[in-house]
Number of protein chains: 2
Amino acid sequence: MSLKYAVLAALLEGEASGYELSKVFDVSFANFWASTPQQLYRELERLTRDGLVEARVVRQERRPDKRMFTLTAAGREDLRGFAAAPPRRPTTVRDELLIKIQAMDDADPGATCALVEERMAWARGKLARYARVRERLLDGRPEERYLREADRIGPYLTLMAGIAFEEENLRWCERVLAVLRQRVPQG
Amino acid sequence: MSLKYAVLAALLEGEASGYELSKVFDVSFANFWASTPQQLYRELERLTRDGLVEARVVRQERRPDKRMFTLTAAGREDLRGFAAAPPRRPTTVRDELLIKIQAMDDADPGATCALVEERMAWARGKLARYARVRERLLDGRPEERYLREADRIGPYLTLMAGIAFEEENLRWCERVLAVLRQRVPQG
DNA sequence: CGCACCTATTCAACTAATTGACTATGGGGG
DNA sequence: CCCCCATAGTCAATTAGTTGAATAGGTGCG
């Protein structure tokens with residue numbers, strides 16, 4: 001249902017191809033609306049059919065043709081309504097690692113440590129990518145000035161949510177490792 | 001796929017009915033594996049068929065009969081293997097509010113504020129429930145002692161993740177409100 | 001006395017999401 | 001030269017998840 005609005009919101013940043021959107025949904029949007037390229041292509045098809053986005057084919061010299069999508073007035077209006085309405089469904093999270101932690105007392109502590117360390121490496125990678133997106137948004141301005149003056153601050157605020165989330169994630173991992181090491185000093 | 005292991009992990013705490021599990025998945029498990037009662041009943045059916053859990057019917061006087069489920073040795077073994085293996089799929093989050101924030105620059109700032117405040121109220125409610133679960137787990141002991149001595153600390157660590165997540169959520173909301181108020185002082 | 005809500009579950013129909021393969025073209029490395 | 005990777009998608013099959021209602025006895029409130 002809301003993948004629709006996630007795509008429309010992504011197109012607020014300007015025209016994009018399905019492929020480009022799939023990159024966006026792999027980095028910044030991944031924090032709050034996970035989806036695969038296949039899902040995006042299907043959704044773009046539907047949105048085009050419903051007149052909320054418009055497609056134009058761009059022929060390229062040394063690459064396959066691509067379709068570039070733009071928000072229509074109807075799409076923008078629909079999104080505006082969505083943005084002001086209360087959420088229909090509660091936030092859902094699906095994190096396999098936490099299931100493994102929930103069940104860890106029955107498993108090998110060494111393996112659990114390794115999983116947590118993997119998660120930390122992953123979180124650090126995400127933070128590095130977010131830092132680059134942040135630099136690009138701020139474009140040299142101090143944050144305070146950006147937040148006062150920029151046309152659009154929504155993307156910055158969601159990015160901040162992602163950064164805060166991953167930093168918290170890292171702190172939690174650190175804590176889990178400390179506890180594990182104290183309980184199994186030989187591990 | 002992993003709902004299976006989420007259910008098995010929940011049953012590590014002991015025998016439970018589908019209804020009881022749906023309560024657990026509404027509170028503590030909600031942080032890391034969202035699912036509805038219908039999904040749980042279907043999954044329990046499958047797990048029973050596959051011999052990973054065992055069911056027994058409990059006839060009750062003043063309530064409908066219920067089926068109580070227990071982990072079998074095979075179920076416990078399967079879960080142990082899962083707990084030590086690296087995650088198959090990345091963590092997915094689906095948070096409608098963040099889409100609305102992403103698109104907020106096109107929408108009514110007052111409505112956006114209201115949505116953020118709603119989220120804060122929700123987060124505070126969750127934190128209150130987590131605090132009660134925590135009290136029950138600690139059972140009067142100081143945390144340090146609990147973490148050293150308790151049989152199972154997995155559930156406590158996942159609870160800590162949920163608490164940290166909601167606290168971070170609250171801090172982020174506070175920040176969003178501060179920014180919104182600065183940009184639209186009349187709102 | 002009636003209504004709403006809690007326990008405890010099941011069913012059917014539908015929509016959304018995942019997996020894996022397939023089509024093309026071009027570039028870079030070994 | 002061959003393989004892999006990146007671009008830019010499409011298709012088909014299956015699995016997972018959502019929605020809404022039905023069943024059925026009990027409790028609490030006014």
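Naming convention: chains lettered A, B, ... in sequence-line order (proteins, then strands); numbering from 1 in each chain. Hydrogens, waters and symmetry mates play no part in the numbers below; they use all other heavy atoms, side chains included.
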Contact class for S35(B) (heavy atom, under 4.0 Å): base, sugar-phosphate, or nothing? nothing
Determine: side-chain N/O of Y19(A) to OP1/OP2 of dT7(D), distance under 4.0 Å, yes or no. yes
Scan R89(A) against the nucleic acid and name what it touches under 4.0 Å (heavy atoms): base, sugar-phosphate only, or nothing. sugar-phosphate
For Q102(A) and R152(B), the nearest pair of non-hydrogen atoms, with its separation, is O-NH2, 3.0 Å
N/O (side chain, R46(B)) to phosphate O (OP1/OP2, dT15(D)) under 4.0 Å: no
So, R80(A) side chain and D106(B) main chain: donor-acceptor pair closer than 3.5 Å or not? yes
Just call it for R88(A): base, sugar-phosphate, or nothing, with non-hydrogen atoms closer than 4.0 Å on any strand. nothing
Look at the side-chain N and O atoms of Y41(A) and state whether any lies under 4.0 Å from the OP1 or OP2 oxygen of dT10(D). no
Would you kindly give the CG-to-C1' distance between D26(B) and dA8(C), to the nearest whole Å? 15 Å
Take atom NZ of K23(B) and atom P of dA8(C), then tell me their distance rounded to the nearest Å. 10 Å
Take atom CG of D65(A) and atom C1' of dA6(D), then tell me their distance rounded to the nearest Å. 16 Å
Nearest heavy atom decides the nucleotide; on that basis, is M1(B) or K66(B) closer to the 5' end of DNA chain C? K66(B)
Output yes when at least one side-chain N/O atom of Q39(B) is less than 4.0 Å from OP1 or OP2 of dA16(D), else no. no
I'd like to know if the side chain of R124(A) and the backbone of A121(A) have a donor-acceptor N/O pair within less than 3.5 Å. no
Does dG17(D) have OP1 or OP2 under 4.0 Å away from a side-chain N or O of R94(A)? yes
Between D78(A) and Y5(A), is there a side-chain donor-acceptor contact under 3.5 Å, judged purely by atom types and distance? yes
Assign S22(A) to base, sugar-phosphate, or nothing according to its heavy-atom contacts below 4.0 angstrom with the strands shown. nothing
M104(A) and I153(B), any side-chain heavy atoms less than 4.5 Å apart: yes
Would one find more than 12 heavy atoms of other residues, nucleotides or ligands at under 6.0 Å from atom CD of E144(A)? no
Calculate the interatomic distance between L21(A) atom CG and dT7(D) atom P; express it in whole Å. 14 Å
In whole Å, what is the span from the CD atom of E45(A) to the P atom of dT10(D)? 6 Å
Whole angstrom value for the distance that separates C1' of dT19(C) from CG of L40(A): 16 Å
Does Q38(A) make a side-chain N or O approach to OP1 or OP2 of dA17(C) shorter than 4.0 Å? no
Distance check needed: dT18(D) P versus L3(A) CG, whole Å only. 14 Å
Over all strands shown, is K4(B) touching base, sugar-phosphate only, or nothing at heavy-atom distances under 4.0 angstrom? nothing
Nearest-angstrom distance from the residue atom CZ of F25(B) to P of dT18(D): 13 Å
Short side-chain N/O contact from R67(A) to OP1 or OP2 of dT10(D), under 4.0 Å: yes
Is there a side-chain polar atom (N or O) of T36(A) under 4.0 Å from OP1 or OP2 of dT19(C)? no
For R42(A), report the nucleic acid contact type (base, sugar-phosphate, nothing); a contact means any heavy atom under 4.0 Å. base
